[in-house]
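Okay, structure first, notes after.
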Amino acid sequence: MEFKNSVEFRVFGKYALFTDPLTRIGGEKFSYQIPTYQALKGILESVYWKPTFIWVIDSVRVMNIIQTQSKGIRPIKYSGGNDLSIYTYLSDVEYQVKAHFEWNPNRPELEADRNEDKHFQVATRMIKRGGRRDIFLGTRECQGYVEPCRFGEGKGCYDDIPELAFGLMFHGYSYPDECGENKLYAHLWHPVMKNGVVEFIRPDECTIRKEIKSQRQKLFVVGKNLHAVDEEVI
């Protein structure tokens, strides 16, 4: 499905670590083979984000061959001092991403800011400039970069592979101000890459959903922590 506020961009970097939660036991980390929905959403939120809308990731195209590289790391222990761990990163990664934004129905106080063309133009400019904030590919030590592209252009390493499944993977989180509940949820799914492209399902379409904790939605109150929204100015 095509959306008129859809954005397309290329994200790349020397290393990436889209952590599998199961490998964190003992302090060691191992990356998923492809980026998670939440990781790509976080990249877009670093490019441009406001609580008025929610970024929805539609698809990702894997451009480079999936390869890993392990490194010896000395993470800080909770009890003090350092520990020894092995982190397994993806190396030389490049992806093409297609996404769009939707208004956040749980933010009625920001209805006056729902100017679709304004947010689309700002997001497009921010992609051209590499984002408003630093881009990270899963973790802070993995610096990433974004630039505009046309989704589907160029030759990808998996364009001729009809289907490749990745098993059960973490999809993303649903925060209270996005799902409308005072709870934080984690979602899991079974991604399948077809001819180099993974089509993401929406968070509410994930059949495996786990409650992480109770968490209240942050409220914005005009005059307290929110300036009055002026349609002519914002």
Side-chain angles (χ1 to χ4, degrees), residues 6-13 15-24 29-62 66 87-90 93-102 104 106-107 123 126-127 131-146 151 165-193 197-215 217-218:
S6 178
V7 297
E8 300 175 354
F9 63 94
R10 168 178 175 254
V11 57
F12 58 97
Y15 296 106
L17 181 57
F18 306 113
T19 315
D20 181 349
L22 295 178
T23 64
R24 291 184 180 180
K29 299 179 182 179
F30 192 96
S31 179
Y32 283 124
Q33 293 174 294
I34 57 174
T36 63
Y37 180 97
Q38 190 67 41
L40 296 174
K41 183 180 176 183
I43 289 172
L44 257 182
E45 290 177 347
S46 293
V47 171
Y48 175 63
W49 177 81
K50 292 185 74 175
T52 309
F53 59 84
I54 301 171
W55 281 113
V56 178
I57 309 300
D58 298 313
S59 52
V60 61
R61 183 177 179 222
V62 181
I66 299 172
Y87 288 9
T88 303
Y89 298 85
L90 296 176
V93 298
E94 180 182 342
Y95 309 102
Q96 292 179 357
V97 183
K98 181 188 291 185
H100 71 281
F101 62 82
E102 299 177 357
N104 189 343
N106 300 302
R107 291 298 180 192
M126 291 304 103
I127 291 174
R132 282 187 165 179
R133 293 179 289 173
D134 291 341
I135 306 299
F136 303 112
L137 299 173
T139 57
R140 188 171 181 84
E141 69 262 29
C142 299
Q143 182 73 47
Y145 307 91
V146 298
F151 192 89
F166 295 97
L168 183 65
M169 275 185 59
F170 172 73
H171 181 276
Y173 294 110
S174 283
Y175 294 95
D177 63 334
E178 295 181 354
C179 68
E181 303 179 41
N182 289 327
K183 298 180 184 297
L184 173 66
Y185 291 99
H187 304 279
L188 302 173
W189 73 313
H190 294 83
V192 177
M193 182 171 66
V197 177
V198 176
E199 300 286 349
F200 286 103
I201 61 176
R202 300 172 63 90
D204 55 8
E205 295 176 341
C206 292
T207 57
I208 306 176
R209 185 189 194 198
K210 180 177 178 59
E211 179 183 333
I212 302 299
K213 64 177 180 179
S214 296
Q215 183 174 319
Q217 175 182 338
K218 180 178 180 178

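Computation of the quantities below employed the complete heavy-atom set of this structure, encompassing side-chain atoms and omitting hydrogens, waters and symmetry-equivalent molecules. Since the model is a prediction, treat every value here as computed from it, not as a measurement.
By the side chain to side chain contact (heavy atoms under 4.5 Å, CB included) test, K210 pairs with no residue at all, sequence neighbours left out.
Across all their heavy atoms, L188 and L168 have their closest contact at CB-CD1, 3.9 Å. The minimum heavy-atom distance linking L17 with K29 is given by the pair CD2-CD, 4.1 Å.
In this structure, a donor-acceptor pair under 3.5 Å is absent between the side chains of E141 and Y87.
With hydrogens and angles ignored, the 3.5 Å screen pairs no side-chain donor or acceptor of S31 with any backbone N or O of T88. No donor-acceptor distance shorter than 3.5 angstrom exists from the side chain of W49 to the backbone of G42, with no hydrogens or angles considered. Of the possible polar contacts, none joining the E94 side chain to the V62 backbone as a donor-acceptor pair under 3.5 Å is found.
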### Task
Go through the steps to decide whether Q38 and T36 satisfy the test side chain to side chain donor-acceptor pair (under 3.5 Å), and finish with yes or no.
CA-CA 5 Å; Q38 190 67 41; T36 63; over 6 Å; no
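Under the 30°/60° scheme for interplanar angles, the aromatic rings of H171 and Y37 are found to lie parallel. Aromatic ring pairs are classed by plane angle as parallel below 30°, tilted from 30° to 60° and perpendicular above 60°; the pair W55 and F53 is perpendicular.
N106 CG to D177 CG: the interatomic distance, rounded to the nearest 0.5 Å, is 7.0 Å.
Under the 4.5 Å side-chain criterion, counting only non-hydrogen atoms from C-beta, M193 is not in contact with Q33. F9 is not listed as a side-chain neighbour of V47, based on a closest heavy-atom distance of 4.5 Å or more.
Within a 6.0 Å radius of OH in Y173, no more than 12 heavy atoms belonging to other residues, nucleotides or ligands are found.
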